[in-house]
Amino acid sequence: MQAQPAQTFDPNDPHGFAELGEHHGHHITSTRTLVVVILTLVVLTALTVVTSSIETYLVKEMGWMLPEWVNIAVAMSIALVKGTLVLLIFMALRYENPLYSIIFLFCMFAFALFLGLTGMDLDNRGLVYDWKVDSQQTGGTGVNMMHPPSTIHVLGETIEFHDLNSTGEKVGFGFTGPLAEELKKRYIAQTGITEAEYQRRWAEANHIHEHHDDLPNADRSVTRTGLSGALDATASDDHGGHDDHGADDGHAKDAGGH
Amino acid sequence: MSTIDTSTKAGAPGEPGWKRYKFADHFRNAEDEFDACKLGFWLFLATEVLLFSGLFCAYAMFRMKYPEAFAAGSHHLDVKYGGINTLVLLVSSFTVAMSIRCAQLNNQKWLRINLIITILCAFLFFFIKLAFEYIPKWSQGIRPGILYSNPFAGHPQEPTWWSVYYGATGIHALHVLIGAALLIWCLVRSFRSNQYGPTHYTMLENAGLYWHLVDVIWIFLFPLLYLIH
């Protein structure tokens, strides 16, 4: 009888598992794909910068009133496209086991929860339900969240808050407000300059330059805020010799009201 | 240029490191080991994203509360350097993806060249950040949190903005250094024993994933920090 031929023994695979499992080779991204993606990313980066300067131009020169969220929305959508490109192609999420994409998407979901719930909490900090008004009290260490302690210790010294709310009690808004004010006071005390000189240096340090071009002219209109004189006029102003007075007031208000 | 490289560098007799690599016993085959390592690393990347999501959350909440302070603070940042840093990181992402491709095709020379370019980009990013942003600001007294000592704050809450800025970019810069360290280690192993090749490049792949994540984080940080108006 012929003995069975000896099994070929592969020391790298003693149990013969090589036949099992999927044999999908590792995907090799082509150079062309990588180059196209990197060029797209560079273009999108330039686009992000350009759209933000377009927006600044529109608000400053053309006087368009763009709401705050437009800046964030545009910038974030371009950033989202860029991030997705990097994730899908550079990190090869597109070519691989969908499990990795699921992990990443779940991570994004956790991030959304984090931001969303924190935002909802913060937005409603001042909210007190009617049925809770009577039983409202400070919690935890007895420090009220809306009215933090009125003295803090900063830079080795104790600083008093100087802000008062409508009922005259001292309130604060974190330590950065008093910190900035305290630094200004120390600077003025140390250098001995006047308030006006401080304002001048402040404007220089913050790159703020006066521009007197914010009046409307034939080329463009500039949005005005505040009441025009005509809106102030009531029915009683029209009676008995107040017309001239009312018209003068209106003109005076228009000229001074920017 | 995909010649089979069977060089025998010092300390690596015989076949190159990637050919001599033996996967761990408890896996069925090398493919399973690669997939398992990659899965673990993706889970780790998810935790890194959550770390940065804390910073982004702080940014979002404080920007909602103090929008003028954020706008005032952002004006002190130069978009030029932020843009250059973005381009540097994008190029480095490209070169690290190319180096992984070279490993898959057994092109050892270009694998190392691409890794070196990536590491140089990392240090360039860190240098630009330090020399043109951190050091000038720090010397003006613009520092995070309680260390803030600039008397010309543009807005009472501007120190909060600077805390967010230093926190976010500082932790990101730390990750750039960590990523660079991982890539340097890969480079050293490649030089020592040609460790990365078509059948084994797990460490390089994972270091590359880490680097891409660092790049993605910066892609989101750049418009949020530099382009507020």
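Since the structure is predicted, the reported quantities are computational estimates derived from the model, not experimental observations. The sequence lines fix the lettering, A, B, ..., with proteins before strands; numbering per chain opens at 1.
The number of heavy-atom neighbours closer than 6.0 Å to CZ of Phe44(B), taken from other residues, nucleotides and ligands shown, is above 12. Enclosure of atom CZ in Arg94(A) is not indicated, since only 12 or fewer non-hydrogen atoms of other residues, nucleotides or ligands lie within 6.0 angstrom. Within a 6.0 Å radius of NZ in Lys65(B), no more than 12 heavy atoms belonging to other residues, nucleotides or ligands are found.
Using a 4.5 Å cut-off between heavy atoms, Leu93(A) contacts chain B through its side chain alone, with no backbone atom that close. The contact between Glu158(B) and chain A is made entirely by side chain atoms (from C-beta outward), counting heavy-atom distances below 4.5 Å. Residue Glu96(A) touches chain B through its side chain alone, counting heavy-atom pairs closer than 4.5 Å. Both the backbone and the side chain of Thr31(A) have a heavy atom closer than 4.5 Å to some heavy atom of chain B. With a threshold of 4.5 angstrom between heavy atoms, Tyr201(B) approaches chain A through side-chain atoms but not through N, CA, C or O. There is no contact between Asp25(B) and chain A, counting heavy-atom distances below 4.5 Å. Using a 4.5 Å cut-off between heavy atoms, Phe114(A) contacts chain B through both its backbone and its side chain. Contacts between Ile78(A) and chain B at a heavy-atom distance below 4.5 Å are absent for every atom of the residue. Residue Val59(A): no heavy atom, backbone or side chain, is found under 4.5 Å from chain B. Using a 4.5 Å cut-off between heavy atoms, Leu209(B) touches chain A through backbone and side chain atoms alike. Heavy-atom distances place both the backbone and the side chain of Leu41(A) under 4.5 Å from chain B.
The candidate from Phe111(A), Tyr100(A), Phe106(A), Phe104(A) with the greatest count of non-hydrogen atom pairs under 4.5 Å with chain B is Tyr100(A). Among Gly83(A), Ala75(A), Ala79(A), Ser53(A), the residue with the largest count of heavy-atom pairs under 4.5 Å with chain B is Ala79(A). Residue with the most contacts toward chain B among Met76(A), Glu204(A), Met108(A): Met76(A) (heavy-atom pairs, distance under 4.5 Å). Between chain A and the options Ile219(B), Asn150(B), Val216(B), the largest number of non-hydrogen pairs under 4.5 Å is found for Ile219(B).
Counting heavy atoms from C-beta outward, Leu80(A) and Phe220(B) have side chains that approach closer than 4.5 Å. You'll find the side chain of Lys82(A) stays beyond 4.5 Å of the side chain of Asp215(B), heavy atoms only. Between Arg186(A) and Pro151(B), every side-chain heavy-atom pair lies at or beyond the 4.5 Å cut-off. A 4.5 Å side-chain heavy-atom check between Asp123(A) and Met64(B) finds at least one atom pair inside the cut-off.
Contacts with chain A (heavy atom to heavy atom, under 4.5 Å) involve these residues of residues 89-96 of chain B, listed by number: Leu90(B), Val91(B), Ser93(B), Phe94(B). Within residues 50-62 of chain B, the residues approaching chain A closer than 4.5 Å by heavy atoms are, in numerical order, Leu50(B), Ser53(B), Gly54(B), Phe56(B), Cys57(B), Ala60(B), Met61(B).
Partners of Phe152(B) according to the ring pair (Phe, Tyr, Trp, His ring centres under 6.0 Å) rule, which considers only residues two or more places apart in sequence or in another chain, are Tyr187(A), Tyr198(A). The ring pair (Phe, Tyr, Trp, His ring centres under 6.0 Å) test applied to His207(A) returns His76(B), not counting sequence neighbours.
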Q: Under the side-chain contact (heavy atoms from CB on, under 4.5 Å) rule, what do Lys38(B) and Asn97(A) come out as? Steps first, then yes or no, please.
A: CA-CA 10 Å; Lys38(B) 206 162 186 185; Asn97(A) 193 343; over 6 Å; no
Q: For the pair His212(B) and Leu87(A), evaluate side-chain contact (heavy atoms from CB on, under 4.5 Å) and give the outcome as yes or no after the intermediate values.
A: CA-CA 8 Å; His212(B) 290 307; Leu87(A) 275 165; over 6 Å; no
Q | Intermediate values then yes/no, side-chain hydrogen bond (donor to acceptor under 3.5 Å, both in side chains), Thr29(A) and Arg101(B) | A | CA-CA 7 Å; Thr29(A) 328; Arg101(B) 183 188 142 83; over 6 Å; no
Q) Can Val79(B) and Val49(A) be said to form a side-chain contact (heavy atoms from CB on, under 4.5 Å), step by step? A) CA-CA 8 Å; Val79(B) 176; Val49(A) 177; 4.0 Å; yes
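The line from CD1 of Ile103(A) to CG of Leu45(B) is 9.5 Å long, rounded to the nearest 0.5 Å. Summarising the geometry, atom CE belonging to Met98(B) is positioned 11.5 Å from atom CD1 belonging to Ile38(A); distances are rounded to the nearest 0.5 Å. Taking CG of Leu44(A) as the reference point, atom OG1 of Thr86(B) lies at 12.0 Å (rounded to 0.5 Å). With rounding to the nearest 0.5 angstrom, the CG atom of Leu227(B) is 7.5 Å from the OG1 atom of Thr51(A). The distance from the CH2 atom of Trp42(B) to the SG atom of Cys107(A) is 9.5 Å, given to the nearest 0.5 Å. Distance OG1/Thr45(A) to CG/Asn85(B): 12.0 Å, rounded to 0.5 Å.
Under a 3.5 Å cut-off, the side chain of Gln104(B) and the backbone N or O of His27(A) do form a donor-acceptor pair. The backbone N or O of Ala153(B) lies less than 3.5 Å from a partner atom in the side chain of Trp202(A), making a donor-acceptor pair.
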